[in-house]
Amino acid sequence: MSSIYRYVIHSSSPMLLHISFISSSVSPLKMKSFDTSSVVESGAGAGNNVDDDCREKRTGTLITASAHIITTVIGSGVLSLAWAIAQLGWVVGTVILVAFAVIVNYTSRMLADSYRSPEGTRNYTYMDVVRVYLGGRKVQLCGLAQFGSLVGVTIGYTITASISLVAIGKANCFHDKGHGAKCSVSNYPLMAAFGIVQIFLSQIPNFHKLSFLSIIATVMSFSYASIGFGLALAALASGKVGKTGLTGTVVGVDVTASDKLWKSFQAAGNIAFSYAYSVVLVEIQDTLRSSPPENKVMKKASLAAVSTTTAFYILCGCIGYATFGNQAPGDFLTDFGFYEPYWLIDFANACIAVHLIGAYQVFAQPIFQFVEKKCNQAWPESNFITKEHSMNVPLLGKCRINFFRLVWRTTYVIFSTVVAMIFPFFNAILGLIGAVAFWPLTVYFPVEMHISQKKVKKYSVRWIVLKLLVFVCLIVSLLAAIGSIVGLISSVKAYKPFHNLD
């Protein structure tokens, strides 16, 4: 994200990318700081449009940062929390929900404080932060965990969006032919359609221009989560009460002993990972205005987003479990915990698809920026990589197009879409990726950087407590990884290439 670019965006809309060359009068000192995400306006008054690092003036606020976080955190997984609580029971399930909300907010505050280096300079990416405070091989380990997670999520979201769109077709079919009808809808055209939309949206140049998309996605996430909660509450009020228990599913009745163990591990991991947004926290923080201080705004945004998310999680998870009991479906909407009103279920699934369109971009932008930064550093004189071209795009008007950005980002979207088509069980793989990436990105690196930044004395009470937190979360991640591997093995056994997801 710090690669050299010498252009300026003139646009009142994130979709209208009018970019022009900076005049040759810009000083060499400023020129060396420009990159794909840093563009300044030339001419008189240019100093008012740049930040302390000579990049385009950041305009992010508490609202936009909160929207970015909620977009990444509240996913369609909120509708599967009833299943997670069914595996763990009322006590353990609720405790884990609240505990990980507290843990993630706590470690996110540490990470927010690391955005600025000790001397006050900015760090634009998670890897930059780790490089400043920890260095060595930990930088490469951070990159491996972060980008492995980001790539996995973009592929998983392609599958999940298609599942929601398939559910719309099935809901209409069940309404017309009856709930027992054989309704089949192909996933593959829907995955392709999702990919085509992402090809266009991927041309949004950087995180700074994604605020409008995240706000829309946030509204969508609240919409379908509220619908899911409302349907469960209505069913509960009508007298539909499932069989629940303090310890969840019963061995010998609902599940076997081994299933109880593995599913409990997987459920605990699902809850923990449902809060994980540290993978893009630094990139979100880099969109914030410098005043008030970015770390203070980011901490408020984290608290607001996590508090809101936890409230929805508890409502959907607990009310859903009370409604369906130990037989809670994996997802209220796509697994048809409800069939009617079909039009409301259609709308909720459409909201999920729209939300995932925005969330895909939030997770893909760090990937795009990383590759573009490296290519700009390697070939700074290449016109294909650095030059912007003026083109008239239908409905958008005159735009500036960078051919490398167009080709690279389009190629990536095609790649993620094809992988999703070939491996329709990839969401099981995503569970494993989440288990592996959660611990280093959400707990280990933030805690270690906090110890380094605050110079926490070794073997002091604070040091011991922090190390204990790291250890406990490592155990949770390992157990969740084991549960995910068991689930993945089952998925692979049932795998049929290019077979519709039923």
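Since the structure is predicted, the reported quantities are computational estimates derived from the model, not experimental observations.
Between the CG atom in D176 and the OH atom in Y342 there is a gap of 7.0 Å [rounded to 0.5 Å]. The distance from the OG atom of S302 to the OH atom of Y106 is 14.5 Å, given to the nearest 0.5 Å. Annotation: the span from S264 atom OG to D259 atom CG amounts to 10.0 Å, rounded to 0.5 Å. Here the straight-line distance linking atom CG of N349 with atom CG of L344 works out to 10.0 Å at 0.5 Å rounding. Considering CG of L315 and CG of L81, their distance stands at 11.0 Å, rounded to 0.5 Å. Atom-to-atom distance recorded for L210:CG and T71:OG1 is 9.5 Å, nearest 0.5 angstrom.
Contact check for W262 versus Q87: no side-chain heavy atoms found under the 4.5 Å cut-off. Contact annotation: the side chain of L165 approaches that of I168 to within less than 4.5 Å [non-hydrogen atoms, C-beta and beyond]. Contact check for S186 versus L190: no side-chain heavy atoms found under the 4.5 Å cut-off. Contact of the T442 side chain with the I103 side chain is not registered, since no non-hydrogen atoms from C-beta on lie closer than 4.5 Å. Within the 4.5 Å cutoff, no side-chain heavy atoms of V130 are placed close to those of L141. Inter-residue side-chain proximity for I70 and F312 is flagged as unmet; no heavy-atom pair is nearer than 4.5 Å. At a threshold of 4.5 Å between non-hydrogen side-chain atoms, the residues Y157 and I357 do not count as touching. Within the 4.5 Å cutoff, side-chain heavy atoms of L231 are placed close to those of I227.
R409 contributes a side-chain N or O that, together with a main-chain N or O of P205, makes up a donor-acceptor pair within less than 3.5 Å. Remark: the backbone N or O of F404 is not paired with any side-chain donor or acceptor of E372 at under 3.5 angstrom. Listed for the T410 side chain is no donor-acceptor partner under 3.5 Å among the backbone atoms of V407. Checking side-chain atoms of K260 against main-chain N and O of T249 turns up a donor-acceptor pair under 3.5 Å. Looking at Y313, its side chain does come within 3.5 Å of a backbone N or O of S274 through a donor-acceptor pair. Under a 3.5 Å cut-off, the side chain of Q266 and the backbone N or O of S484 do not form any donor-acceptor pair. Looking at T94, its side chain never comes within 3.5 Å of a backbone N or O of V91 through a donor-acceptor pair. Side chain of S214 to backbone of S211: no donor-acceptor contact under 3.5 angstrom is found. Put simply, the side chain of T287 never gets that close to the backbone of E283: no donor and acceptor are under 3.5 Å apart. The backbone N or O of A145 lies less than 3.5 Å from no partner atom in the side chain of S149, so there is not a single donor-acceptor pair.
Taking every heavy atom of both residues into account, L441 and S278 meet most closely at O-CB, 3.4 Å. What you find for I215 and A67 is that their closest heavy atoms are CG1-CB, 3.9 Å. Listed here is the closest heavy atom pair of A82 and G320: CB-C, 3.6 Å. In plain terms, the two heavy atoms of W83 and A328 that are nearest each other are CD1-O, 3.6 Å. Listed here is the closest heavy atom pair of D346 and A171: OD1-CB, 3.3 Å. Between C351 and S223, the shortest heavy-atom contact is SG-CB, 3.9 Å.
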(Q) Could you go through V95 and V92, starting from their C-alpha distance and side-chain angles, then the distance that decides it, and tell me whether this counts as side chain to side chain contact (heavy atoms under 4.5 Å, CB included)? (A) CA-CA 5 Å; V95 168; V92 177; 5.8 Å; no
Q. Under the side chain to side chain contact (heavy atoms under 4.5 Å, CB included) criterion, do I475 and L479 qualify, and how do the steps go?
A. CA-CA 6 Å; I475 297 301; L479 294 178; 4.0 Å; yes
Q.
Assess the residue pair Y360 and L356 against the criterion (side chain to side chain contact (heavy atoms under 4.5 Å, CB included)); give the C-alpha distance rounded to whole Å, side-chain angles, the decisive distance to 0.1 Å, and a yes or no.
A. CA-CA 6 Å; Y360 181 105; L356 293 177; over 6 Å; no
Q.
Would V280 and L150 count as a side chain to side chain contact (heavy atoms under 4.5 Å, CB included) here? Give the steps.
A. CA-CA 9 Å; V280 289; L150 292 172; 3.8 Å; yes
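Under the side chain to side chain contact (heavy atoms under 4.5 Å, CB included) test applied with I314, the options I319, T309, L97 reduce to a single match, L97. A ring pair (Phe, Tyr, Trp, His ring centres under 6.0 Å) with F147 is found for exactly one of Y126, F363, Y412, F370, namely F370.
Other residues, nucleotides and ligands place no more than 12 heavy atoms under 6.0 Å from the CZ atom of F347. Remark: I63 CD1 is loosely packed, at most 12 non-hydrogen atoms of other residues, nucleotides or ligands lying under 6.0 Å away.
Not counting sequence neighbours, the partners of C173 by the disulfide (SG to SG under 2.5 Å) test are C183. In this structure, F445 has no ring-ring contact (aromatic ring centres under 6.0 Å, His included) partners at least two apart in sequence or on a different chain. Qualifying ring-ring contact (aromatic ring centres under 6.0 Å, His included) partners for Y321, counting only residues two or more places apart in sequence or in other chains: W90.
Proximity of the aromatic rings of F100 and Y275 is defined here by a centroid distance below 6.0 angstrom, and this criterion is not met.
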